[in-house]
Each structure stands twice: as structure tokens, then as C-alpha cells.
A.B. asks: 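Please see the structure below; I have some questions.
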Amino acid sequence: MRASSLKRGHDGWEQKDFTTYIQSILEMFGPERVMFGSDWPVCLLSADYDQVMEILLNAIPQHWGETERALLFGGNAERFYKLKLRKSQ
């Protein structure tokens with residue numbers, strides 16, 4: 001599951017509206033089956049990149065640690081798309 005297009009076409013929505021949606025996705029699919037997609041630059045029609053990131057970061061369950069966040073923000077995409085990314089040292 002790719003979490004993207006969070007703000008597009010949703011003018012007037014508040015953080016709490018997205019939180020319920022995002023947390024439901026994360027709970028249903030788990031950290032190993034969800035990846036973040038920014039939809040940049042299309043997201044700029046409704047929000048800037050920082051606002052999109054803030055929506056997601058504020059909705060991630062507090063009990064998610066660094067491992068789950070790393071999967072969401074790249075690890076799952078790397079595995080799914082079979083990317084060979086160079087790890088920073």
C-alpha cells in the first residue's frame with residue numbers, strides 16, 4: 001500500500017481527518033507493507049511538501065520505532081522495486 005495524495009483535493013481537512021485514515025492503513029497493512037509517496041510536485045496544488053510530511057509524521061503511531069519508520073520511508077520501496085541503493089557510511 002502506498003500512502004500518497006494525502007492533501008490533493010482535500011481543502012479544509014484538518015490533521016485529525018488524515019490521522020484516522022493514515023492510522024487505519026498502517027494498522028491494516030502493517031509496517032512491512034506500506035510505503036510513503038509524496039506525489040511531489042502534484043501535492044503543491046493543495047499543500048507544500050513540508051505540510052504533506054507533517055500530516056504523515058503526526059499520524060504515525062507513537063509506538064513505531066526507527067525500524068518501522070525506515071520501512072515506511074524507503075525500505076519497503078527499495079525491497080518492492082528491487083532497488084540497489086548505496087547505503088551512507
Side-chain angles (χ1 to χ4, degrees):
M1 175 64 157
R2 187 180 116 177
S4 62
S5 300
L6 298 177
K7 191 80 169 120
R8 187 172 53 190
H10 300 293
D11 294 330
W13 283 35
E14 298 178 14
Q15 175 69 47
K16 65 181 174 59
D17 301 316
F18 291 102
T19 299
T20 301
Y21 169 73
I22 293 167
Q23 288 182 347
S24 294
I25 289 171
L26 297 178
E27 183 180 326
M28 285 187 282
F29 290 94
E32 294 85 14
R33 294 175 43 205
V34 179
M35 65 179 82
F36 169 69
S38 70
D39 276 355
W40 188 90
V42 177
C43 70
L44 296 175
L45 296 172
S46 298
D48 63 35
Y49 187 79
D50 289 340
Q51 290 171 310
V52 172
M53 286 301 297
E54 183 179 351
I55 289 168
L56 182 57
L57 290 171
N58 287 332
I60 293 174
Q62 290 185 0
H63 68 273
W64 273 34
E66 197 59 39
T67 300
E68 291 86 0
R69 289 169 185 263
L71 290 171
L72 175 67
F73 289 110
N76 290 332
E78 184 177 353
R79 187 183 72 245
F80 182 82
Y81 294 112
K82 297 177 176 61
L83 303 173
K84 305 257 190 268
L85 302 178
R86 187 178 76 192
K87 303 292 182 196
S88 60
Q89 309 230 356

A.B. asks: Heavy atoms, side chains only, cut-off 4.5 Å: are Y21 and L26 in contact?
C.D. replies: no
A.B. asks: Tabulate below the donor-acceptor pairs under 3.5 Å that side-chain atoms of residues 59-72 make, not counting sequence neighbours, or state none.
C.D. replies:
unit_1 : atom_1 : unit_2 : atom_2 : d
E68    : OE1    : G65    : N      : 2.8

A.B. asks: For the atom pair CG (N58) and CE (M53), what is the distance rounded to the nearest 0.5 Å?
C.D. replies: 10.5 Å
A.B. asks: Run the ring pair (Phe, Tyr, Trp, His ring centres under 6.0 Å) test against F80 and tell me which residues pass, sequence neighbours left out.
C.D. replies: none
A.B. asks: Might you point out which heavy atoms bring R79 and E32 nearest each other, and give the distance in Å?
C.D. replies: NH2-O, 2.8 Å
A.B. asks: In a check of side chain to side chain contact (heavy atoms under 4.5 Å, CB included) between M35 and each of Y81, F73, F29, which one passes?
C.D. replies: Y81
A.B. asks: Taking side chain to side chain donor-acceptor pair (under 3.5 Å) as the definition, give me every residue that meets it alongside T19, ordered by chain and number, with sequence neighbours left out.
C.D. replies: Q15
A.B. asks: Using side-chain heavy atoms (C-beta onward) and a distance below 4.5 Å, is F36 in contact with L57?
C.D. replies: no
A.B. asks: Just by modelled atom types, is the N76 backbone N or O under 3.5 Å from a matching donor or acceptor in the R33 side chain?
C.D. replies: no
A.B. asks: Quick one: pull up CD1 in I22 and CD1 in I55 and give me the separation to the nearest 0.5 Å.
C.D. replies: 7.0 Å
